[in-house]
Amino acid sequence: MLDRLDQRLRQLIKEKNWSKLTNIQEMSFEPISNGHNTLIIAPTGYGKTEAALLPILNKMLKEDVKPVTVIYITPLKALINDLLYRIEWWSSRLGFLVNRKHGEVPQKEKNLRLKRIPHIMVTTPEGLEIDLDWASRFREHYKNVRWVIVDEIHELINSKRGTQLAILLERLKNFIGYDFQRIGLSATVNDEKKVAKFLFGSSERKMSIIRLNDSRNFEIRIHKIDHNVPSLWKNAADKINQLIERPTLVFTNSRFSTERLHEELEKLGNKEIYVHHSSVSRDLKNLAEGELRSGNAKAVVCTKTLELGIHVGDIKKVIMLRPPTSVASFLQRLGRSGHLVHGVPKGEIICFYDFDVLEAFALYLSAKNGEIEKPFIDDGLDVVARELVGMILQNQKVGIEEAYNVIHGAFVYRNLEFSKFMELVNYLAKNNIIKIEDDSLKLGQGFFKIWRFNRDIKSGWGKDFSEFFSLINNDETFTLKYNGVTVGEIDAVYVYKHVRSNDVIRISGKFWKVVRINTNKNTIDVTPANEGEGEIPIWKGENTSKSSLMVEYIKKIMRDINEYYLLMNEIMDKNSKESIMKLISEYGKRGLDMPTENVILVENKEDEWIYTVLIDEKVSNTLSHILLYLVTKKYTLNASSRSSIYGFSVKGTPTDLLKEIINMDESKIKKIILKSILRSPVYVATLKEILPSFGKISKVNQSEDKFLIREALRQTIKRYFSIRKTLEFIRKVKEGKIKIVYTENAGPLTEAILAHAQIRPWLFDLNISIYHSLKGGAYTVSELSEILGVSAKSLENKLKQLRRTNGKYKVMSFVDVDSRENRWCLYEDFIEIVKSEEYYSSFAPLNNNEIFVADFKSGDNEVEVLFKPIDLINNPEEILRKIPFSAIEEVKIREAIDTSYQFVQKYYHVGKDVIVYLLLNAVAYLQSLKYS
DNA sequence: GACCTGCTGCGGTTTG
């Protein structure tokens, strides 16, 4: 191939001291030179960038090209910076200009590109979005583009960023009017044809896939440490300390673990060890990366931040603290070591729990078999909506037909029907973010309500316009405040799902008790607390969503454990092997069937039911949501459930609700599934995420926003639930193909289920919940607090608020004379309660002839009325006549002779229709105090 | 419900 390169390029290769090109570079030359759309698949560090670049530069030297000739898209800012120097090395020597664009590039450098138009533009998907939508002058130069390179596609394809980019490429093609050549660079993927189609979209060029697949070539060792000890983290650090070979990357699954392990490693006297995760400042991250590259670092403890493509130098070994949650992630982490010296990637997995060993082994087997998760392409209509507005920004208006054709050209939306597209367009027009004029779309006034253009105004309504270009959703957070001072931050979804009043939260090494959750301001008022009061770690536990591919391999291991005996000796330490053998033999010992996909072990402890079964996490999640829905409907709102690949559980029910589900007909189950998802925290989060793209600012309305609700529901189900597989699961149970076994002790995997955080129902409308809980009865605040799972303090505030209202939700309180407690009930129920046997004594004075005084107040009006209980019974009309207003804000009752005001009973916000009974209640109560 | 990623263009005016 070298002989086909331009002399000037050959000279540069000599200058680089390259004796030959890498395999992948050799293989890519032909198809790229022939103008094919090309997908190049190889691990990081095999020179994929040059594989794409060399044939293009070769063409650029031979043909007459005008800037901008090449757009190079990559998902990370740090990668752009790396690439700029790498590409510039070649291009500057060949007389081509390069420019980069991302949010942190200084304005000066950005401005330069209009004065000296670059041949190669390096940017992010968001950068391209800005250029097409907004950069009115520079955009014109894109008309000369002949090649687009997309780097790290495997990172983009699973998210809305990838979908956004797919549409942007179609928009670019439409804008240029030329079918430019598309080149993709990717790590190992499951479905390479799909990835290729995703990238190539409507392009009519021939396509080629170039692959260098040696991902099965790696060495791994699995270790298990004792987790049932307070020194867990020290044990982990000790183990890791022995295994480190300078330089090592230690991957964890959470920011918390990263910090915690780093602390212990430092205690062991290690100095050249650094931490790297998203909450570490940019400077410290740069330091860690630099020390890694220079070889000064002994190890860096990190999260997924270092899993991505940033060049980190020659890594000797990779250690994973607890197994990652997917094969893809496992391979990416592993691939960070070894390849540069053409050695074999080397990795160690440190396990805490028995099921960690199962998972680690499953990852190993799957990777060795060359199996990896399928890409999950997001086809959200919010992305289409955002791009439609982008197209309008670009040209002030866009033809409906043209817009549809561009969107439809993207592989993701190849099945989007015109009628569905028009539904979207009409909904956007209804929200006034766009307007329809003849056959075209223009910007609507609503656009300026969603997007804020004034850089100086930081607060107020709307989102900053800079966010328009990005589909990455900044997680909504709650700020923790103590006496108005911020003490920390928590993810909103976590709050919706797990945090309730009176819970204790740990943040920044301290414990805080939740006093009030304010969903309008996204704040949580807290007070300091002690550890003993219970704890919810804000780092969300390590309750990850695990790949179904891993579940398949776990089933295999549990079923055919004997086949793996030798292999286990080879790749595991003694502890790991023993723990896995013990876990599996435990079932036989107890005379239990193995919990596979065909056996559910059911264990019941008081009101909690635990169902152990190896299962797709989406099915597990669906089932746990149905169960939660049923418990809240039948028994209590103070319920919770859990879900995992090892099964699911529900708390708050005296009966086995799974049995009940199995006896329902399918259409009813379907209905319940939908209802339970509509109540789920993940649905709330999805709805909030897509609102701005649809131009929605006011409250979502059941009938007006059907389109939006349907879309949010569709996206939520696609991401987190599976209706089809759940129904299939239930059907199999019905048909006896899945066996249910009831047992006192369902064995070791229940631990894995209970390790997951509880899902709790989010009370969308506390008024409704209070109404349903109170209906037909009278409860004390603490009883009601127990029923609803809401703190007594916030509940009392809410009740006092409801007392002031009118209508269905109006409440009131009276004294239960027997227990001397205040009881709350619905206003509409009060007369019934008065007449009930249960509260008879509360409205029956002991002495009907004593004289009492009642002070009625309403606004500025006040009136004092003297009465005897006997009058209330015999002639209530007379008393009522003495009150000159119908709505009583406050009434104070005391014995006429008691001028010390020592015993006073008060009621607030009541009508004249119930006042006679309340006066009787007050008298009965005051007399009971006096005579006792 | 773990982790991660990105984020105004252009042109005119002012200032040391």
Side-chain angles (χ1 to χ4, degrees), chain A residues 73-80 101-105 107 110-111 113-115 123-140 152 155-156 158-162 164-165 251-258 276-280 285 302-310 321-326 328-329 332-333 393-394 451-455 463-476 490-498 537-547 617 621 642-644 680-686 716 719-720 756-759:
Chain A
I73 310 275
T74 186
L76 301 183
K77 288 185 285 194
L79 279 176
I80 291 177
K101 176 198 169 70
H102 63 67
E104 284 167 28
V105 174
Q107 198 57 50
K110 278 190 200 166
N111 293 343
R113 67 177 188 165
L114 271 176
K115 297 197 179 76
T123 188
T124 56
E126 290 77 9
L128 182 59
E129 178 84 58
I130 293 165
D131 286 349
L132 283 185
D133 297 352
W134 198 242
S136 52
R137 274 196 62 196
F138 189 76
R139 184 200 296 147
E140 288 306 310
E152 312 271 352
E155 266 310 312
L156 290 169
N158 291 310
S159 70
K160 287 189 175 169
R161 285 184 89 189
Q164 174 187 22
L165 178 60
F251 285 100
T252 73
N253 296 330
S254 72
R255 283 172 285 186
F256 167 78
S257 307
T258 304
H276 197 286
H277 59 70
S278 68
S279 302
V280 172
K285 272 192 275 196
C302 60
T303 55
K304 209 187 153 184
T305 37
L306 286 181
E307 196 178 301
L308 308 176
I310 307 159
L321 182 80
R322 304 198 56 199
T325 51
S326 70
S329 176
Q332 279 284 115
R333 289 179 184 194
L393 286 177
Q394 181 180 338
W451 304 104
R452 203 172 48 230
F453 281 76
N454 193 337
R455 285 187 173 112
K463 290 170 78 122
D464 193 289
F465 179 53
S466 63
E467 289 181 52
F468 173 80
F469 305 107
S470 170
L471 281 159
I472 296 174
N473 197 37
N474 258 347
D475 283 341
E476 181 195 345
I490 310 182
D491 269 16
V493 177
Y494 185 78
V495 175
Y496 294 141
K497 205 154 179 175
H498 306 299
I538 65 109
W539 48 86
K540 311 180 186 187
E542 298 199 24
N543 306 329
T544 58
S545 157
K546 286 163 189 165
S547 92
E617 194 154 285
N621 199 31
R642 303 176 206 258
S643 79
S644 82
S680 72
V682 283
Y683 167 75
V684 184
T686 308
T716 310
R719 262 184 259 171
Y720 310 104
H756 279 68
Q758 297 177 6
I759 306 164

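Lettering follows sequence order; numbering is per chain, from 1.
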Spacing of A:Phe453 atom CZ relative to B:dC10 atom P, expressed in whole Å
15 Å
Identify which nucleotide among B:dG9, B:dT8, B:dC3 has an atom closest to any side-chain atom of A:Gln107, counting heavy atoms from C-beta outward.
B:dG9
Considering heavy-atom distances to DNA chain B, does A:Lys304 or A:Phe465 have its closest nucleotide positioned more toward the 5' end?
A:Lys304
Nearest whole angstrom, please: distance from the P of B:dG1 to the NE2 of A:His756.
8 Å
Full working for side-chain contact (heavy atoms from CB on, under 4.5 Å) between A:Arg139 and A:Asp131:
CA-CA 6 Å; A:Arg139 184 200 296 147; A:Asp131 286 349; 5.7 Å; no
Whole angstrom value for the distance that separates P of B:dG9 from CZ of A:Arg139
12 Å
Going from CD on A:Glu129 to OG on A:Ser470, what distance comes out if it is rounded to the nearest 0.5 angstrom?
9.5 Å
Can you label the angle between the A:Trp134 ring and the A:Phe469 ring as parallel, tilted or perpendicular, going by 30° and 60°?
tilted
What integer distance in Å separates A:Glu129:CD from B:dG9:C1'?
14 Å
d(CG, A:Asn621; C1', B:dG1) in whole Å:
9 Å
Here the distance between atom P of B:dG1 and atom CG of A:Asn253, to the nearest Å, is 15 Å
Do A:Thr124 and A:His102 pair up side chain to side chain, a donor and an acceptor below 3.5 Å, judged on atom types alone?
no
Ignoring hydrogens and geometry beyond distance, is a side-chain donor-acceptor pair present between A:Ser329 and A:Ser326 at under 3.5 Å?
no
Short question: side chain of A:Asp464, backbone of A:Arg452 - any donor-acceptor pair under 3.5 Å?
no
Between B:dG1 (P) and A:Arg719 (CZ): distance, integer Å:
15 Å
Heavy-atom donor-acceptor pair, A:Arg113 side chain to A:Phe138 backbone, under 3.5 Å
no
What protein N or O atoms touch nucleotides 5-7 of chain B N or O atoms at under 3.5 angstrom, if any, and at what distances?
| from | atom 1 | to | atom 2 | distance (Å) |
| --- | --- | --- | --- | --- |
| B:dG6 | OP1 | A:Lys77 | N | 2.4 |
| B:dG6 | O6 | A:Asn474 | OD1 | 2.4 |
| B:dG6 | N2 | A:Ser470 | OG | 3.1 |
| B:dG6 | N3 | A:Ser470 | OG | 2.9 |
| B:dC7 | OP1 | A:Thr124 | OG1 | 3.0 |
| B:dC7 | OP2 | A:Gly103 | N | 2.7 |

Pairs under 3.5 Å (N/O, protein and nucleotides 11-14 of chain B):
| from | atom 1 | to | atom 2 | distance (Å) |
| --- | --- | --- | --- | --- |
| B:dG11 | OP1 | A:Arg137 | NH1 | 3.0 |
| B:dG11 | OP2 | A:Arg137 | NH1 | 2.7 |

Protein-nucleotide distance (A:Asn158, atom CG; B:dC4, atom C1'), rounded to Å:
12 Å
Regarding A:Glu617 and A:Asn621, is there a side-chain donor-to-acceptor distance under 3.5 Å anywhere?
no
Look at the side chain of A:Gln332 and the backbone N and O of A:Glu307, then say whether any donor-acceptor pair between them is shorter than 3.5 Å.
yes
